[in-house]
Protein chains: 2
Amino acid sequence: MKITTKSRYAIRSIFALVLLGGDERPVTLTQIAEHEDISRKYLEQIFIKLKKSKIVEGSRGAQGGYILAKPANMITLKEVIYAMDGPVSVSDCTNESVCGNFDHCGINWLWSGLKKTVDNYLENITIYDLKRQATGGKDVNLS
Amino acid sequence: MKITTKSRYAIRSIFALVLLGGDERPVTLTQIAEHEDISRKYLEQIFIKLKKSKIVEGSRGAQGGYILAKPANMITLKEVIYAMDGPVSVSDCTNESVCGNFDHCGINWLWSGLKKTVDNYLENITIYDLKRQATGGKDVNLS
DNA sequence: TATAATTACTACAAGGCAGCTAGGATATGG
DNA sequence: CCATATCCTAGCTGCCTTGTAGTAATTATA
Ligand code: FES
Ligand code: FES
């Protein structure tokens, strides 16, 4: 029942990206890696996935780096986690192809219910919320 | 972000235990293993844990087996999962002993919030609810 | 009291996979 | 051209879950 560290790194990294000005000019992975004390090589893989999911945009070469692909308040945690690990799966018993007993199982509604609960929580928090929380709610402008 | 199969097996097994009359007379693991198509040897380990957590009671020897240690509506899913895997941990960053950055981390409230959400869901469903759901809500007597 | 049934306990093997490292290819500003 | 970055692929490693195996302890019953 754990959020993978990859997903947590991703969230922390995007948060750091915003703090370092990534909503305006490119921020390099090296900066983020130092700020968050995460392996830069590992970050590379994370950001490639984030890029594929249209959460950030990368620009190569000197003076390159990453910027947000959309406003911070449009990036939900669910989205980020999905980009890392695919859809949140709370149980392996999600359909009949994986569990022969699926149709006759009396309790799989438990897991769809739990998934819905978790998804709902993660859908309603955005990167902007992290920033606002960190600055004590004083911040108003969102990018 | 998965409930372990051990926990799912445990829940299914207790559910089966109730269906097989385990709120009155002992039900053997062999019965449950057949009913749920789970390895009996694996069930043994599961039930030893359930016993240690005072969820079931075992009686040895011929005509032995397991019965519920308390009414089905007093057994929450959270309790069962706790018995299997310990407290639900949604992130490794739960205290400063494990994460040096804990005190200065701006986002760990996320994980405590998520944990609370999940715990709340699991706390409010009991084994009796499973039975009621399975019988279309017609059942009234709870043991 | 012998026997079959059944739980209680311990050890460990196999596999998957998350987490991370490594090396090189490609693009770009100065 | 060169320093700076992203982009892409491959693979290692250790842990943890899942499951098997063997044996001891207990008890109803004939
Ligand atoms: S859906 Fe697979 S056992 Fe319930
Ligand atoms: S608490 Fe460990 S990084 Fe946030």
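You'll find that the side chain of A:Y42 is closest to C:dC20, out of D:dT29, D:dG22, C:dC20. Taking only side-chain atoms of A:Y66, from C-beta outward, the nucleotide of C:dC20, D:dT6, D:dT20 with the closest atom is D:dT6. Listed candidates were D:dT18, C:dT21, D:dA28. Nearest to the side chain of A:K41 is C:dT21. Of all nucleotides listed (D:dT4, D:dC8, C:dT6), D:dC8 comes nearest to the side chain of A:I48. Set against D:dA3, D:dT6, D:dT27, the side chain of A:A62 has D:dA3 as its closest nucleotide.
Within 6.0 Å of the CG atom in B:D37, the count of heavy atoms belonging to other residues, nucleotides or ligands does not exceed 12.
Counting any heavy atom pair closer than 4.0 Å across all strands shown, B:T30 reaches no nucleic acid atom. Within the nucleic acid shown, A:R40 comes within 4.0 Å of at least one base atom, counting heavy atoms only.
The separation between A:E44 atom CD and D:dT4 atom P is 15 Å, rounded to whole Å. A straight line from NZ of B:K6 to P of D:dG19 spans 10 Å, rounded to a whole angstrom. For the pair B:F47 CZ and C:dT10 C1', the computed distance is 20 Å after rounding to whole Å. Rounding to whole angstrom units, CE of residue A:M84 and C1' of C:dC17 are separated by 17 Å. Remark: C1' of D:dC8 and NZ of A:K49 are 13 Å apart, rounded to the nearest angstrom. Computed from coordinates, the B:L20 CG to C:dT6 P distance equals 14 Å when rounded to whole Å. For A:R60 and C:dG30, the CZ to P distance is 18 Å, given to the nearest whole Å.
Between B:D129 and B:T126, the side chains place a donor N or O and an acceptor N or O closer than 3.5 Å (distance only, hydrogens not considered).
In the interface, the side chain of A:Q45 is paired with the base of C:dT21 through a donor and an acceptor atom under 3.5 Å apart.
Phosphate proximity of C:dA8 to B:K51: present, with a side-chain N or O under 4.0 Å from OP1 or OP2. The side chain of B:T4 places no N or O atom within less than 4.0 Å of a non-bridging phosphate oxygen (OP1 or OP2) of D:dT17. Contact annotation: B:T5 reaches the phosphate of D:dT18 (side-chain N/O to OP1 or OP2, under 4.0 Å). Between B:T28 and C:dA5, a side-chain N or O to OP1/OP2 separation shorter than 4.0 Å is absent. For D:dG19, one of the phosphate oxygens OP1 or OP2 lies less than 4.0 angstrom from a side-chain nitrogen or oxygen of B:Y9.
Using a 4.0 Å cut-off between charged nitrogen and carboxylate oxygen, B:E79 and B:K70 count as a salt-bridge pair.
Side-chain heavy atoms closer than 4.5 Å link hydrophobic residues (I, L, V, M, F, W, Y) into clusters, and following such links, even through other members, never connects B:I48 to B:I14.
Using bins of under 30°, 30° to 60° and over 60° for the plane-to-plane angle, the ring pair A:Y66/A:F47 lands in the tilted bin.
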